Each structure stands twice: as C-alpha cells, then as structure tokens.
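Remarks on the structure that follows.
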Number of protein chains: 2
Amino acid sequence: MKRKPAVTSREVAELAGVSQSAVSRCFSPKASISEKTRRKVLKAAKELGYRPNSIARSLITRSSRTIALVLSTLDNMFYPLAVEKASLRFQAEDYHLLLFVVPEDGDFAGVMDRILQSQVDGILMMSALLTSSLAEECVETGVPVVLLNRNVAFEGVSQVYSDNYHGGFWAGSYLAMGGHQRAAFVSGLESSSTSRRRHQGFVDGLASHGLTCHAVVHGNYDFEQARQATRELFAMSPRPDAIFVASDHMAVAVLETLRHELGLRVPEDVSVIGFDDTPVSAWPSYRLTTVRQPVDQMIEEATTLLLKQIREEAVVAEHRVLPVTPILRATARRPVAASVD
Amino acid sequence: MKRKPAVTSREVAELAGVSQSAVSRCFSPKASISEKTRRKVLKAAKELGYRPNSIARSLITRSSRTIALVLSTLDNMFYPLAVEKASLRFQAEDYHLLLFVVPEDGDFAGVMDRILQSQVDGILMMSALLTSSLAEECVETGVPVVLLNRNVAFEGVSQVYSDNYHGGFWAGSYLAMGGHQRAAFVSGLESSSTSRRRHQGFVDGLASHGLTCHAVVHGNYDFEQARQATRELFAMSPRPDAIFVASDHMAVAVLETLRHELGLRVPEDVSVIGFDDTPVSAWPSYRLTTVRQPVDQMIEEATTLLLKQIREEAVVAEHRVLPVTPILRATARRPVAASVD
DNA sequence: GCACAAAATGAATACGTTTGCAAAACAGGC
DNA sequence: GCCTGTTTTGCAAACGTATTCATTTTGTGC
C-alpha cells in the first residue's frame, strides 16, 4: 500500500469548477457561500476524499486548536480520570489534547521548550512542578496556562486547586476527636504545594485540640514509597495510632502494609485517613475514610478558565480554590459523642 | 498581560545580519552552517526568545511529528500505564501524542474524521473498536495505523496483541485441573475480539479436560457491570465454583462482590482468574491469579512498528502476537498433583 | 599567490490554507 | 430596462518555515 499524495482544496476546486477560495469557504462555518456552489464543492470533495489540512489552517489562523496537557505520572487513578474528563471537555469544544508526560525527575525545562514550539493555544498542567521562572517564561510567551492541583508562588498564572489546607485541618481534628494521641503524616512530594498545604492544615487541626503531629514520613505520592514509609513509621516507638496520608493512592498502600505485613487492624489499632476519594477508596475491601476532591468541578473550572483565557486577548490570572468534602467510611475511628464540622 | 506577536526566523535573521535561510539551517540538525554564523544566529535567537514554529515546519515538511493515540476509557489501569509508556517512547523519538478519547458508544466515525484532518503521521489505537470499513478508510488515506490489544477482520492494518486464546486456554485447563466442575466466564465487550478470543480459549481449555463452560455473563470491561454480572451468576442454580474474568479490572469487582456481598470465600468456595496482571492484582488484599499481558513489550512492539511504517514509504501490515504468562497467586485453587504447562 | 574542491550562503519558491478587496452576479422596486 | 443594495465570487496576498540552486566564500596543496 503506497502513500497517496494528499488532495488539496485546489484539486477540489478544479473538479467542481470553482475557485479555491470557494472550496475553503465551504469548510468555514460562517463564510458566505451559495447553496448551489456548496453542493458542487461538497460533491467534488467527497469524490476526491478531501479533508481540509488543519496544519495549513493553523498557520494562517495562528491557532492550532490544541492544548498541551502535561502531567508527571498516571499511576494514581486520580489523574487518568481527570485526563479523561478534560479530554472529553476539550473535544466538545473542538480542541485537541497534546499529551506530555514528564517524570518527576525529568527534564522539565526541555519539555517546556517543546510545548512552546508546538504552538499550542493553551497549557493545562496537572500536578507538574512548575518553577516560578518557568511559569514566568510561559506568561512571557503569552500562552495561557492553568495549573491544576498544584500551585506556585507566582501570581501571574492561573491556578485551580481544592482546599487542601482545610482538608488537612479536618483530618487532624477528626482524628483528634476520635481520641487518637499519636497521629502521623505520610507526605506526598515534599516539593509539592498540595502536600505541604495538607500537612499544614493537619498540624493546625491537631493543634486546635492541643495535639502535635507525632511523626512525618515521605511517601512522595508513590505506592511503594508509601509502603516503605509505613514500615518506618511502625519501626518507631511509640507507634502512631493514626495516620493521615496525602493521597488515597498512598493510603491504600498504607492499609495493605498495615493489615497484611504488620498484622494491624484498621481502625481498631490504627486509624487511616486519605485524600482524593478515588474509586478504589470506596471498594468494600478498603472503605477508606478520606477527603474528597471535586474532580469534575476542578476539571470543569480549569478547562473553562483556560478556554476563556484563550479567547480573550488580555490574560488575567485567576485563582480558584474549590471546597473539599470529608467522606466518612470505615478506616478511621469515629468520635464518640461530639459532632465535627 | 497582553499577547506578544510571535517572533519569526526573519526577525532573527535581521538582528543577526544573515538570511532567513541561515536561521532555518541553524535549527535543522543536519544542515550545513558555519560555526561563526551559528553563534551569531543563536545569540540573536536567544535575545528575541525565538522558537521555530513547528506548524510552519510541518506544512513544508509534510510531517507533523504527531501520533494520534485513541482509546475509549482510562478507568482500567492497564491503559493509563500503556499510555504513559507509549508517551515516553514517542517523546524520546521526538514525536508528540494527540489524545483522542472516544466513549464506547461515541461517534467513532466523527472522531476518525478529526484525526485524519489533524494530519497526524500515524495512529495508535488502543482497544478501540475499529470497523473494517473504517480501517480500510485509514489505509486508503495512507496514514499508518497500528491496533493495540484489539484486532479486526482486515488484513491491511497492523495489529499487536497478546495470545488471548492461549491465555484463556490456560485458565480453562488450570481451573479444570484444580477440580472445578462449573467454571463460568465474565466477558468483556461482546464486540471485542480480545474478549471473544479469551472466551474461545477458555472453552477449549475446559473441553480439553472434558468440561463445558457453565455460564457466560457480560461485564463489558466495566467495574459496576462486572459486579452486576457476578450477582446474576450467583443467582443461578447450581452456582459456579470458578470464574474466569476477561480483565483484572473486572476480576477485582468480582472478588469484591463475592467476598463482601455474597459472603463467599475465595478460593475455598469459588476460584477466580483474571487477565492482564495490573498492579492492583498483586496487592495483598487480592493476590489475584491471572494471565499476564506483557504491556511493556506490547507498547514497545506497537510503537516500533508504527515508527517503522511512518519512515518507510510503502506500508505493509504486520501482525504480532505476544506470549502471555500465567501468574499463580491466591485466588484460584491449585491443582493437587499434576503440573500445568 | 594560484587552482581547485568543498563548504557556506542568500534569493526565491513552495507548502495548503484563510481572508481582504474589488468585481460580478443577483434580487427587488420602480 | 435601469438603479440600488446585497450576496456571492475569484484574485492575490499572507502565514513562517524548509529547501533547491546558483553564487560566493573558505580551505588545501602546491
């Protein structure tokens, strides 16, 4: 099977007996064209199997109708679901997604360079580490950017994330009210703002009941590292009696390790609270008590914000923080008499 | 912040005091350019913040260096991992991935149209339903396509998948040798070749030990539907004593339902075998006996094949079927005396 | 310094569209 | 049929790059 040379609007024009402009106008929604020539053109187009070349179109319209989606890993189910939703949303608006996976330790600046070269109309970054300088560079080039689920100390770029601080605060006070004395924290990436905010909220939540954080170990949002972190936690003495984990993905690792490796009962021996509320967390084997992030809403806000910035000439950065919902399930001991809010 | 007009090679040329061609040559790896002018150009480029416009480049080179990745859902972890690997692989070859998510019941032909319009250099379809006519259309237009993990009754398009039949066959004979009498099958999408091949192998595997398939229910590769299918299975009488499930994603749903809803023990009351070997399957809570698909190898083969077809003028379709590995864990009763191979 | 090959350069063209502009076709009212 | 106002149409100029070809510059061995 040999490659056919692509058929152009000129060839269609010739066959239909009209000018090339007429053909072009047939494929532009708002252009002015008579019904008669439209029929002629569409007939010829179909006969030749013509499809407008979107590269050429992009060149002249200076818009690729493409969004760069950058993320660092897909092994936490939170992200695949977010990607799927974002994809559907953008497709509905006739935008395409260009996927960039950049490992946490990868050459982020290099990827950034390629993104900018690829002439995308906008950038949606999911939990990618964006240094302030890189963020500035984006803004300099004038490409709209929105950061999802991660923030950066630079006002100039739009960000949507959920209320990590209060999620952490709730976890801290809920565990305190459940009568726990030694609540520990399994962090995500130390460099991530999300993990830091959750941690801070957690510490403050405990403090509001006169407690301090018993220990902190680093799970780096990774399943295996979270297991290892759990082992370290329980090699300490005294052992924690509760754990707040920076993501459900890691929380499951913690649960598995607690139950099947350390032989502990949850929540009788240890309480566990996660963050995200991924589908796994609701499975009967886990029934994880957690803090729900409103994924749908986050994606909706982020895409809407990005599309808005693309359409408008002047880009003005906005920050949106979405509320979080405690999901009471079976892995954290419930406070006996008091109500929590 | 206002949008800056993009800086072009011509402006760089002017600043550097050279021709536009010289600038272009500086950014083409193999072009002939003196060290002296290269320095001048790069200096000017950096000063102006110039980046070659890949749209214009694509137009002239007739290659977008972009691959369409089409899939229907990301909620089975098999796919996110595959996507991540594919992405890394293509990025390393300086190709970009354009993501197309098309729901199982979505307008596939419409998406296909957009893919073709977007001038991708190749298409990688993961488990998407491609009708023969659509496949032919692809081949007609001359865009290289490779189907991953799904095949279609059309020789003209390249396909890589694993040995579904023998995976199913092994499951059937392993369950038979384990002394099960009433082994049932939870299918994936009925229209999918993978599910059908696994089913066929399973039936033949049972038959090789003189057994027949006790029942078939449809899970459509969906978690909830798999739960429902399990309920149906156990509403029947007599109940099955073993289940082969067309994917691990569904197998976990089956396990959850069996244990926590029907109060059955696995493998004492019922044995369960899955397919894929996703990370979840190895978690201590499940320890799912399953048939491993060599994801890494599948992606490697598929990407290599696609890149090869892109580079070569004439496209010749190839089929690659990769071997599958039984993973013996804890959800299926082991045969007592005999060895299986 | 010279002859010659090799390397580097610039002018010009092409890629396949969209779109402003002016000419042409059309419709309606007399 | 003529004048006016509105569509419809074709021409031609972009968009920003890669690349061919002819020309100029550089390098090498004497």
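Chain naming here is simple, since letters A, B, ... match the order of the sequence lines and numbering starts at 1 in each. All values reported here derive from a predicted model rather than from experimental measurement.
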- Message: Within the 4.0 Å limit for protein heavy atoms, which parts of nucleotides 16-28 of chain D are touched? Write it as a string from 5' to 3', B for base, S for sugar-phosphate only, - for none.
- Response: BBBBB--------

- What about Tyr50(B) and Phe27(B), are their ring centers closer than 6.0 Å? yes

- Note on the structure: Taken in chain and number order and not counting sequence neighbours, the residues that satisfy side chain to side chain contact (heavy atoms under 4.5 Å, CB included) with Ala82(A) are Met126(A), Val295(A), Ile299(A)

- Item | Main-chain N/O of Thr8(A) paired with Glu11(A) side-chain donor or acceptor, under 3.5 Å | yes

- Message: How long is the straight-line distance from CG of Leu322(A) back to CZ of Arg320(A), given to the nearest 0.5 Å?
- Response: 8.5 Å

- Query: Between Ser32(A) and dT9(D), is there a side-chain N or O to OP1/OP2 distance below 4.0 Å?
  - Reply: no

- Note on the structure: Heavy atoms of Ile67(B) and Leu124(B) approach each other most closely as CG2-N, 4.2 Å

- Query: Counting distance only, does the side-chain N/O of Asn220(A) pair as donor-acceptor with the main-chain N or O of Asp222(A) below 3.5 Å?
  - Reply: no

- Indicate whether OP1 or OP2 belonging to dT8(D) is found under 4.0 Å from a side-chain N or O atom of Ser34(A). no

- Message: What is the separation between atom CD on Glu14(A) and atom P on dG10(D), rounded to the nearest whole Å?
- Response: 13 Å

- Message: Looking at dC15(D), I'd like to know if its phosphate oxygens (OP1 or OP2) sit under 4.0 Å from a side-chain N or O belonging to Ser58(A).
- Response: no

